[in-house]
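Only a predicted model underlies this, so the values are computations on that prediction, with no experimental measurement involved. Every chain is numbered from 1 and lettered A, B, ... according to where its sequence line falls, protein lines coming before strand lines.
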Amino acid sequence: MSTEETPSVPSATNFIRDLIDADNVSGRFDGRVHTRFPPEPNGYLHIGHAKSICLNFGLAIKYGGQCNLRFDDTNPAKEDVEYVDSIQEDVRWLGFKWDNLFYASDYFETIYQYAEALIEKGLAYVDSCSTEEIRQLRGSLTQPGKPGPYRDRSIAENLDLFRRMRAGEFPDGTHVLRAKIDLAHTNMNMRDPLLYRIRHAEHHRTGNKWCIYPLYDFTHGYSDSLERITHSICTLEFENHRPLYDWLIEELDLYHPQQIEFARLNLTHMMMSKRKLLELVETKSVSGWDDPRMPTIAGIRRRGYTPEAMRAFCEEIGVTKFNGLTEIVVLENAVRADLNKTSNRVMAVINPIKVVIENYPDDLVEEMDAINNPEDPSAGSRLVPFSKTLYIEKDDFMETPHKQFFRMSPGREVRLRWGYLVTCQSVVKDPATGEVIELRCTYDPLTKGGNAPDGRKVKSTIHWVSAAHAVTAEVRLYDHLFSIANVADIPDGEDWKNYLNPKSLVVVPEAKLERSLGTAQPGYRCQFERLGYFCVDKDSTPEKLVFNRTVTLKDDWAKIQKKQA
RNA sequence: UACCCGAUAGUGUAACGGUAGCACAACAGAUUUUGGUUCUGUUUGUCCAGGUUCGAAUCCUGGUCGGGUAACCA
């Protein structure tokens, strides 16, 4: 296992590592650790997959083992190369490099031979019942199933029919291959599970070579076995499949990996169902798989999240068998922690109100020195133009301030960051609406840079942009996709799309940015001081800049306001 | 009504028979040219009932609650 960005070795322990440690002590796998990440290429990867990727690749790094990327491509109807490509891009972006790239379809011939071997041992048979008949005979959760009329066909007949299935003699749905186990088994997965179905469909890799395709259970364990995987890690819903996984491998006396199940990731205000994410894309509820509101890796990448933050998050949430619900703030904190250290600060006014410094010379422009990142002295500083007419944030002014509001208000002195101490003297209102449309201020010429020689303090520092030098940009403010915390709480039968957050995207068409942002390129990340972390979207052009809000800064003032409301 | 799995602060996780910790959240304070960052402190927890043991979050039994399972999906 090697990586381009060399993710750090995971430090947190978990029950899977305990199991691996035990296997290493007993020598069960000769001290080898070989995992795999096995996505089906039928959609884009999401944050839940990121957890699995970090787990599987992380274990390989931790134990000096290997991790494969394997596409579980046994259902040609749903799969596509678009997804194969995006999955590889996403795994690479997360910082991991697979030791081997495999496809389950690589094993189709071998798996077919395994099927014949099972038939020859009397452990599989061709069933010619309809889907409905099979379903009826399988029984229910509380009722045992019953053998069907084709269950006791001879080995020779089964072999003949199966070979003719492969040869394409039968239409879809006429026959299936089933394991012969126990129709009355308490585990539904053991009630003669289906192994092969007929599908006259073109496969994205094998083309028209096959018209029968193995099902998941029949494919997955054998793929693990062929790759000599040691620990086959999957999510909880496959727990009931483990007896079948073991049975299929044991009956053919093959190399036997250990399947281990862990709880998938659930996040508040998020939804991880691939099927529903596809529905969001198809109904144009979002702009695409990489809409920055989507929980897809492509989406969060476009949103401005970093691979480092994602890995730190996956490390932090841990790995257990408890099906919990992680608060989305944990994710948001992970990206804040990373961006705080690495992002340059800039000033941007999203909701501008004009400020005129009455005693500032009309034509003077001063270049103010502004520190780029207080967390990183090596980031240096830049020059920001200051002039008579500025923009500040509307929210940073109150005509009649609340007692806990200590930003600009009439008569109160505040600091313009890296600029001067200024005092609001009067306001200009729209005569029609009464709305404050302009603030008239004075500045203290002795406070250039923001410090008063007499040592007097101000309670607030606010950001600003020189009107004449401002760069206009579109800013997209993103919020949670769902207004409901736990999407699992949405009642069955109710349209889950009713719970989408109508304010998950707010477009600000004309935000005012400081001059230095004029040349920012797509992918560039920075902090808009006091507002949040932003990045330049792929839609951005030199003529029309577009920024995405990755995440807001923590905001105690907003908390105070919320309490008062 | 069957089988499988799970349960530790509000949330997520550690403790592997020997002092219940950590992170996030919340609250209070300090620092601060970002109401950011950083730092300090506080509140809050072993699902219930029995049993084994000198000693149980941990082992056993029974219950309660939650999740999963009846695609020719994965």
Side-chain angles (χ1 to χ4, degrees), chain A residues 12-15 18 38-40 42 72-75 77-79 104 127 129-131 134-135 138-145 172-178 185-191 194-199 212-213 215-217 219-220 234-243 261 263 265 268 274-275 316-334 336-337 340-341 345 347 370-371 374-375 404-407 415-419 421 449-451 457-463 488 527-533 552-560:
Chain A
T13 188
N14 59 53
F15 80 99
D18 293 343
E40 182 189 14
N42 68 342
D72 222 331
D73 55 348
T74 59
N75 187 356
K78 291 187 177 174
E79 294 152 10
D127 194 344
C129 288
S130 68
T131 304
I134 288 174
R135 198 170 66 81
R138 187 154 36 212
S140 72
L141 293 176
T142 51
Q143 295 291 314
D172 290 3
T174 49
H175 306 278
V176 290
L177 185 74
R178 299 180 73 173
H185 204 287
T186 54
N187 184 335
M188 298 295 290
N189 294 119
M190 300 295 272
R191 317 246 265 226
L194 273 62
L195 270 23
Y196 264 93
R197 77 288 220 191
I198 302 172
R199 281 281 176 282
I212 57 172
Y213 292 92
L215 280 108
Y216 167 84
D217 285 307
T219 310
H220 200 90
C234 59
T235 44
L236 249 30
E237 69 269 28
F238 293 103
E239 220 162 8
N240 293 326
H241 293 240
R242 180 150 37 93
E261 310 85 14
L265 172 67
T268 58
K274 260 193 194 178
R275 185 179 60 78
E316 200 168 317
I317 54 178
V319 180
T320 64
K321 299 190 72 154
F322 177 69
N323 200 314
L325 180 65
T326 298
E327 292 174 345
I328 192 121
V329 291
V330 179
L331 211 213
E332 294 170 345
N333 270 320
R336 283 191 190 108
N340 176 52
K341 298 275 180 247
R345 274 61 170 168
M347 293 196 285
I371 290 170
E375 306 291 323
Q404 287 179 88
F405 182 89
F406 43 84
R407 278 115 91 146
R415 176 185 296 110
L416 294 179
R417 179 151 231 219
W418 313 123
L421 300 189
N451 284 311
K457 304 283 187 199
V458 291
K459 285 206 76 173
S460 182
T461 300
I462 63 180
H463 61 275
Q527 182 196 105
F528 289 0
E529 289 216 44
R530 306 207 300 135
L531 297 176
Y533 294 97
T552 62
L553 256 32
K554 284 189 196 164
D555 190 348
D556 279 347
W557 170 236
K559 229 187 269 179
I560 291 167

Remember a base hit wins even if backbone is also touched, and classify [X] as base, sugar-phosphate or nothing at under 4.0 Å, heavy atoms.
{"X": "A:R415", "result": "base"}
{"X": "A:R191", "result": "nothing"}
{"X": "A:V329", "result": "sugar-phosphate"}

Problem - Per-nucleotide protein contact string for nucleotides 5-17 of chain B (B base, S sugar-phosphate only, - none; heavy atom under 4.0 Å) - result: SSS--BSSSS-B-
Work out how far the [atom1] atom of [N] is from that of [M], and round it to whole angstrom.
{"N": "B:C60", "M": "B:A74", "atom1": "P", "result": "37 Å"}
{"N": "B:A14", "M": "B:C59", "atom1": "P", "result": "15 Å"}
{"N": "B:U11", "M": "B:C16", "atom1": "P", "result": "24 Å"}
{"N": "B:U8", "M": "B:C47", "atom1": "C1'", "result": "10 Å"}
{"N": "B:G6", "M": "B:U58", "atom1": "P", "result": "15 Å"}
{"N": "B:C5", "M": "B:U42", "atom1": "C1'", "result": "38 Å"}

Exercise for the section: Decide, for B:A71, between syn and anti: a glycosidic angle within 90° of 0 counts as syn, anything else as anti. Expected result: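 B:A71: syn.
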Handout entry: A:K321/A:E239 salt bridge by N-O under 4.0 Å criterion
Key =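 Looking at A:K321 together with A:E239, the answer is yes, because their closest N to O distance falls below 4.0 Å.
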Practice task
Calculate the interatomic distance between A:N75 atom CG and B:C73 atom C1'; express it in whole Å.
Solution key: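 Atom-to-atom, A:N75 to B:C73, this comes out as 6 Å.
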Problem - Side-chain donor/acceptor of A:R407 to base of B:G35, under 3.5 Å - result: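 A donor-acceptor contact between them is present.
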Handout entry: Pi stacking test for A:Y216 and B:A74: under 5.5 Å apart, planes under 30°
Key =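 Not stacked: fails the 5.5 Å / 30° test.
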Completion exercise
Note, RNA chain B 5' to 3' with Watson-Crick or G-U pairs under 3.5 Å encoded as ( ), [ ], | and . gives .((((((..((((....[..)))).(((((.......)))))....(((((..]....))))))))))).....
